[in-house]
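All values derive from a computational prediction rather than experimental measurement. As a basis for the values below, the full set of heavy atoms in this structure was taken, side chains included, without hydrogen atoms, waters or symmetry mates.
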Amino acid sequence: MSKKLKIGLFGFGVVGQGLHDIIKGQNLNLEIVKIAIKNPEKRRTLDAHLFTTSHDEILNNPEINTIVELIDDADAAYTITKKALSNGKNVVSANKKMIATHLEELVHLQEQHGTSLLYEGAVCGSIPIIRNLEEYYDNELLHGISGIFNGSSNYILSKIFNEGASYESALKEAQDLGFAETNPILDVGGYDPKFKLTIATAHAYGLFLNPDHILNIGIQNLSDADIQYAKEKNYKIKLVPTTRKISTKQVITFVLPKFVKADDFLYNVENEYNGVTVQAAFADKQFFFGKGAGGHPTGAAVLSDIAALRYDYRYEYKKYKQQNGLIHTDKVSLEVYLRYQHEYTVEKLQIENISERFSRNDYKYVIGSVSLKNLLEHKDILVNKDVFIAQTGKISYSEQDIKAIAEEGELVN
């Protein structure tokens, strides 16, 4: 039998209202007792008695056994989640930055207090990737996970490549539709998919990583020349986060724009949709597709977590508890397209094995390999408005990399 959930909801924005739309009229054995909001003057469609501006009124209410946290402020979300778990209340959250930054601590809090934190809605909208990593792939050897984790940037790129829209007009349209934040750098700069990648890596490999140690380069510097180059090669550009096992003991992670070919699953993932490719040793390649932005798709993922709590579901973090000895590394080289203005950019990044080079007054690019370590160390160069970088999908190893990897484990093809 399912137990009745008495819910305290934090946030009544796009996702909060989407969740409420889905819940109303259904017999789900749950009740929203109170909703915390920031602006009490804003007109609401629900009865005023449901709303409060006091967090403690919800967190200290003994009747409420479940907290649903759907606010933008990562620091406030952390405070709410930590207090709720410590007070014996289960939590459902969609705040990917908060979870990615504090996940290891939050896992220990759950164990200490016998509570459950679920967050499917924080990673890829309507796609149930976390539950699948926890349950379906729990004993599977995963080679890698990559995909389109951010509906906002994908919407912008779709408008550019399919309709010839400018970057600026596509961004404004995404913001008007509620897909992109007022400050779009979180989406287009690759921060949002980086937080999601951090969470996915914890469930795929048992690694709790500091997001600051993961490279994220976005699409904000995309130019007409880059778009023209991609179109001439019959590529599309997608913003692709990647976590990949490169040896029996080492995992790499990064978020970079990528030239995607027509035979890639991600090629036809358009607009606000997300797509996740999982490469496994035994199940081989599998693909998940679904809406990654919007109140109802994300609200549906949140509701799935809420429904699971009726049966006391919790993540087991099996890969983490296995203590498999995996480590996070930057000992790998990526083949990239680099558009630049000054030659010192190529020299500073130490681009090697250059297979293609073009130079004229207003447009210069090279295609060559660069170490992930150098990209991390010189991120300040890569976010300069005169620079755009995209991966081609090829990974290579220098002799020094191979030697370093060999000290930890054997290379994975």
Side-chain angles (χ1 to χ4, degrees), residues 1-40 42 44-74 76-96 98-99 102 106-122 126 128 130-131 134 295-316:
M1 293 290 291
S2 68
K3 66 180 181 181
K4 182 164 186 177
L5 302 187
K6 297 275 193 168
I7 295 172
L9 175 61
F10 285 81
F12 201 61
V14 172
V15 178
Q17 291 182 58
L19 173 65
H20 185 268
D21 289 345
I22 298 168
I23 289 175
K24 67 182 180 183
Q26 295 194 57
N27 184 19
L28 297 171
N29 201 23
L30 56 86
E31 175 191 353
I32 297 177
V33 177
K34 278 287 180 183
I35 303 173
I37 53 172
K38 283 195 300 185
N39 182 6
K42 186 176 179 179
R44 312 282 177 179
T45 56
L46 304 180
D47 291 340
H49 78 273
L50 267 176
F51 297 98
T52 179
T53 57
S54 169
H55 289 187
D56 286 341
E57 185 178 344
I58 292 178
L59 292 170
N60 295 334
N61 185 339
E63 179 190 8
I64 292 173
N65 56 25
T66 305
I67 299 298
V68 178
E69 180 282 304
L70 302 174
I71 64 177
D72 291 334
D73 186 331
Y78 168 65
T79 301
I80 291 164
T81 301
K82 184 176 180 180
K83 184 171 182 179
L85 292 174
S86 300
N87 287 351
K89 300 180 191 294
N90 295 325
V91 180
V92 173
S93 175
N95 195 305
K96 72 281 298 183
M98 182 274 289
I99 296 163
H102 301 286
L106 295 173
V107 168
H108 294 318
L109 269 178
Q110 293 173 73
E111 293 175 346
Q112 182 180 349
H113 297 283
T115 45
S116 177
L117 168 65
L118 303 181
Y119 39 79
E120 193 70 70
S126 64
I130 299 303
R131 198 83 63 86
E134 274 286 306
H296 288 161
T298 307
V302 171
L303 179 57
S304 175
D305 281 343
I306 294 171
L309 286 177
R310 294 180 305 168
Y311 301 93
D312 297 316
Y313 179 79
R314 64 183 59 191
Y315 301 138
E316 295 185 56

Asks: Give the intermediate values and the outcome of side-chain contact (heavy atoms from CB on, under 4.5 Å) for residues T298 and L70.
Replies: CA-CA 10 Å; T298 307; L70 302 174; over 6 Å; no
Asks: Between the main-chain N or O of E111 and the side-chain N or O of R314, is there a donor-acceptor pair closer than 3.5 Å?
Replies: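 Answer holds: no.
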Asks: With a cut-off of under 6.0 Å to the ring centre and 45° to the axis, is R44 in cation-pi contact with F51?
Replies: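 Cation-pi check for R44 and F51: passes.
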Asks: Any side-chain to backbone donor/acceptor pair from Q110 onto L117? Under 3.5 Å, distance only.
Replies: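 Yes.
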Asks: Working to the nearest 0.5 angstrom, can you tell me the gap between F12 CZ and I37 CD1?
Replies: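 Atom-to-atom, F12:CZ and I37:CD1 are 9.5 Å apart.
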Asks: Between I306 and L5, which heavy-atom pair has the shortest distance, and what is it?
Replies: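 Reported closest heavy-atom pair: O-CD1, 3.2 Å.
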Asks: Would you say the side-chain atoms of T81 and E69 include a donor-acceptor pair closer than 3.5 Å?
Replies: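 Checked: T81/E69 side chains show no N/O donor-acceptor pair below 3.5 Å.
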Asks: To the nearest 0.5 Å, what is the distance between CD (E31) and NZ (K4)?
Replies: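 Going from CD on E31 over to NZ on K4, the span is 5.0 Å.
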Asks: Can you tell me if N61 uses its side chain to pair, donor with acceptor, with the backbone of E63 under 3.5 Å?
Replies: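 Yes, N61 side chain to E63 backbone: donor-acceptor pair under 3.5 Å.
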Asks: Could you walk me through whether Q17 and V14 pass the side-chain contact (heavy atoms from CB on, under 4.5 Å) test, one step at a time?
Replies: CA-CA 5 Å; Q17 291 182 58; V14 172; over 6 Å; no
Asks: Work out which heavy atom in Y313 is nearest to a heavy atom in E134; give both atom names and the distance.
Replies: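 Y313 and E134 have their closest heavy atoms at OH-CB, 4.1 Å.
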Asks: With the side chain counted from C-beta on, respond yes when H20 and L46 share a heavy-atom pair under 4.5 Å apart, and no when they do not.
Replies: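 Touching, per the 4.5 Å side-chain cut-off.
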Asks: Tell me whether K38 at atom NZ has more than 12 heavy atoms from other residues, nucleotides or ligands lying less than 6.0 Å away.
Replies: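 No, NZ of K38 has 12 or fewer neighbouring heavy atoms, counting only those of other groups under 6.0 Å.
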Asks: Under 3.5 Å, is there a donor-acceptor pair between the side chain of Y119 and the main chain of I130?
Replies: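 Pair absent, no side-chain N/O of Y119 close to backbone of I130.
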Asks: Check the pair R131 / D305 against side-chain contact (heavy atoms from CB on, under 4.5 Å), numbers first and verdict last.
Replies: CA-CA 10 Å; R131 198 83 63 86; D305 281 343; 3.2 Å; yes
Asks: With side chains defined as the heavy atoms from C-beta onward, is the minimum distance between I67 and K83 less than 4.5 Å?
Replies: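 Answer no - side chains too far apart.
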Asks: Can you give me the closest heavy-atom contact between G299 and I22, atom names plus distance?
Replies: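 Of all heavy-atom pairs spanning G299 and I22, the closest is C-CD1, 3.7 Å.
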Asks: Out of curiosity, K6 NZ to L30 CG, how far, rounded to the nearest 0.5 Å?
Replies: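 If we round to the nearest 0.5 Å, K6:NZ and L30:CG are 10.5 Å apart.
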Asks: Run the side-chain contact (heavy atoms from CB on, under 4.5 Å) check on T115 and L109 step by step: do they pass?
Replies: CA-CA 8 Å; T115 45; L109 269 178; 5.9 Å; no
Asks: How long is the gap from NZ on K34 to CD1 on I7, to the nearest 0.5 Å?
Replies: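 Spacing of NZ (K34) from CD1 (I7) equals 15.0 Å.
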Asks: Find the distance between NZ (K89) and CD1 (I64) and round it off to the nearest 0.5 Å.
Replies: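 With rounding to 0.5 Å, NZ (K89) is 6.0 Å from CD1 (I64).
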Asks: Which heavy atom of L309 sits nearest to which heavy atom of S116, and what is that distance?
Replies: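 Scanning both residues, the minimum pair turns out to be CD2-OG, 3.7 Å.
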Asks: Once you measure the plane-to-plane angle for Y78 and H102, does it fall in the parallel (<30°), tilted (30-60°) or perpendicular (>60°) bin?
Replies: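 Aromatic pair Y78/H102 classed parallel.
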Asks: Nearest 0.5 Å, what's the OG-NE2 distance between S126 and H296?
Replies: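 One finds 13.0 Å between OG of S126 and NE2 of H296.
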Asks: Judged by atom type as modelled, is there a donor-acceptor pair below 3.5 Å linking the side chain of K82 to the main-chain atoms of A77?
Replies: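 Not a single qualifying donor-acceptor pair exists.
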Asks: Please find the pair of heavy atoms, one from N87 and one from L59, that lie closest to each other, and give the distance.
Replies: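 That closest heavy-atom pairing would be ND2-O, 3.9 Å.
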Asks: If you take all heavy atoms of I99 and S93, which pair is closest and at what distance?
Replies: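 Of all heavy-atom pairs spanning I99 and S93, the closest is CD1-OG, 3.9 Å.
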